[in-house]
Amino acid sequence: RLEANVAKLPVSGEMGGVCCATRELKGPQKLWVTVHKAKGLRHLNMSGDDPYCTCEVIHRNKVKTAPATCRTSTLPSTLAPEWEETHEVGPWYPGESLKFTIYSKGVLNSKVQGTAILDGEMFYPLQFSGALNIAGCEGGKLTVSVCPI
């Protein structure tokens, strides 16, 4: 399921006011996932590189849990995209990680630039905001913020 709730990037502290640091989470939760930007992407398509990013919750129990994903908009002709998009993603359970995949959209198909994993312990019980290394894209970085809501 693709969540289409895109909002303006919260100012630092806005997320923290209702973030999970002050309460214990039980049952399925939702996350605010902000994809800020990427840098160090590679040129993959002759027709131009139009990057977008997906985020997927890596569920521990894939059989009983609905998929939880979001996708940024596609930005034209750049290897340093600045999305600044916040999405609501769920369901998510404490301890589950997030997988970010950066794609380069071409005329016929999309090619994978690389992936980044954010372990659940990195954003629960406190939120995470920082740069992740993009595996498969040497020197590539993806800047994200994540907070359970």
Side-chain angles (χ1 to χ4, degrees), residues 1-16 18-20 28-124 126-149:
R1 186 172 105 222
L2 178 65
E3 292 288 341
N5 297 336
V6 179
K8 187 86 172 144
L9 172 68
V11 195
S12 179
E14 280 185 22
M15 280 190 194
V18 293
C19 212
C20 59
Q29 304 293 314
K30 292 188 177 184
L31 304 171
W32 277 328
V33 176
T34 302
V35 181
H36 297 285
K37 62 184 177 179
K39 65 179 183 177
L41 300 182
R42 302 166 287 143
H43 178 64
L44 297 179
N45 291 302
M46 294 302 291
S47 61
D49 293 285
D50 300 339
Y52 64 92
C53 181
T54 63
C55 174
E56 173 187 4
V57 175
I58 302 172
H59 291 300
R60 290 178 287 196
N61 187 347
K62 295 179 191 269
V63 176
K64 295 182 180 179
T65 309
T69 63
C70 69
R71 182 189 189 277
T72 67
S73 57
T74 302
L75 298 182
S77 303
T78 182
L79 294 176
E82 295 188 17
W83 292 285
E84 298 298 343
E85 293 182 12
T86 299
H87 299 262
E88 187 177 285
V89 178
W92 169 83
Y93 292 86
E96 293 181 328
S97 300
L98 300 177
K99 179 181 180 182
F100 295 89
T101 305
I102 299 93
Y103 295 90
S104 182
K105 185 177 182 200
V107 174
L108 299 176
N109 58 16
S110 295
K111 296 179 181 174
V112 174
Q113 285 275 355
T115 60
I117 303 291
L118 181 61
D119 291 330
E121 294 78 26
M122 295 294 293
F123 60 87
Y124 175 73
L126 301 174
Q127 71 185 31
F128 172 86
S129 187
L132 303 171
N133 292 323
I134 302 172
C137 186
E138 187 175 336
K141 300 277 187 191
L142 177 67
T143 304
V144 301
S145 297
V146 178
C147 181
I149 52 178

One should read off an interatomic distance between Cys55 SG and Leu142 CG, to the nearest 0.5 angstrom, of 9.5 Å

Applying side chain to side chain contact (heavy atoms under 4.5 Å, CB included), run through Gln127 and Ser145 and close with a yes or a no. CA-CA 7 Å; Gln127 71 185 31; Ser145 297; over 6 Å; no

So if I apply the side chain to side chain contact (heavy atoms under 4.5 Å, CB included) rule between Val35 and each of Thr54, Thr72, Thr86, which one comes out positive? Thr72

With no hydrogens and no angle check, is any side-chain donor or acceptor of Thr78 less than 3.5 Å from a backbone partner on Ala80? yes

Shortest non-hydrogen pair, Leu44 vs Lys111, comes out as O-NZ, 3.1 Å

Answer yes or no: is there a side-chain heavy-atom contact under 4.5 Å between Leu41 and Ser104? no

Rounded to the nearest 0.5 Å, how far apart are SG of Cys53 and NE2 of His36? 11.5 Å

Looking only at heavy atoms, the pair that brings Met122 and Phe128 closest together is O-CB, 3.5 Å

Do Val33 and Val144 have side chains that approach each other closer than 4.5 Å (heavy atoms only, starting at C-beta)? no

To the closest 0.5 Å, what do you measure between CG (Asp49) and CG (Leu75)? 12.0 Å

Return the set of residues passing side chain to side chain donor-acceptor pair (under 3.5 Å) with Asp50 (not counting sequence neighbours), or none when no residue passes. none

Shortest non-hydrogen contact from Pro67 toward Pro91: O-CD, 4.5 Å

Val146 versus Val89: any side-chain heavy-atom pair under 4.5 Å? no

Any chance you could measure Asn133, atom CG, to Ile117, atom CD1, to the nearest 0.5 Å? 12.5 Å

Using a 4.5 Å cut-off on heavy atoms from C-beta on, say whether the side chain of Cys137 contacts that of Ile102. no

Shortest non-hydrogen contact between Pro148 and Leu31, atoms and distance: CA-CD2, 3.6 Å

Which atom names give the shortest non-hydrogen contact between Arg71 and His87, and what distance separates them? O-CE1, 3.1 Å

Side chain of Gln113, backbone of Arg42: donor and acceptor closer than 3.5 Å? yes

Backbone of Ala131 reached by a side-chain donor or acceptor of Lys141 within 3.5 Å: no

Could you go through residues 93-101 and list every donor-acceptor pair under 3.5 Å that involves a side-chain atom there, pairing it with any protein atom two or more places apart or in another chain?
from: Glu96; atom 1: OE1; to: His59; atom 2: ND1; distance (Å): 3.1
from: Glu96; atom 1: OE1; to: Tyr93; atom 2: N; distance (Å): 2.9
from: Glu96; atom 1: OE2; to: His59; atom 2: ND1; distance (Å): 3.2
from: Glu96; atom 1: OE2; to: Arg60; atom 2: N; distance (Å): 3.1
from: Ser97; atom 1: OG; to: Asp119; atom 2: OD1; distance (Å): 3.4

Identify the two heavy atoms, one from Trp83 and one from Ser73, that lie closest to each other, and give their separation to 0.1 Å. NE1-O, 3.0 Å

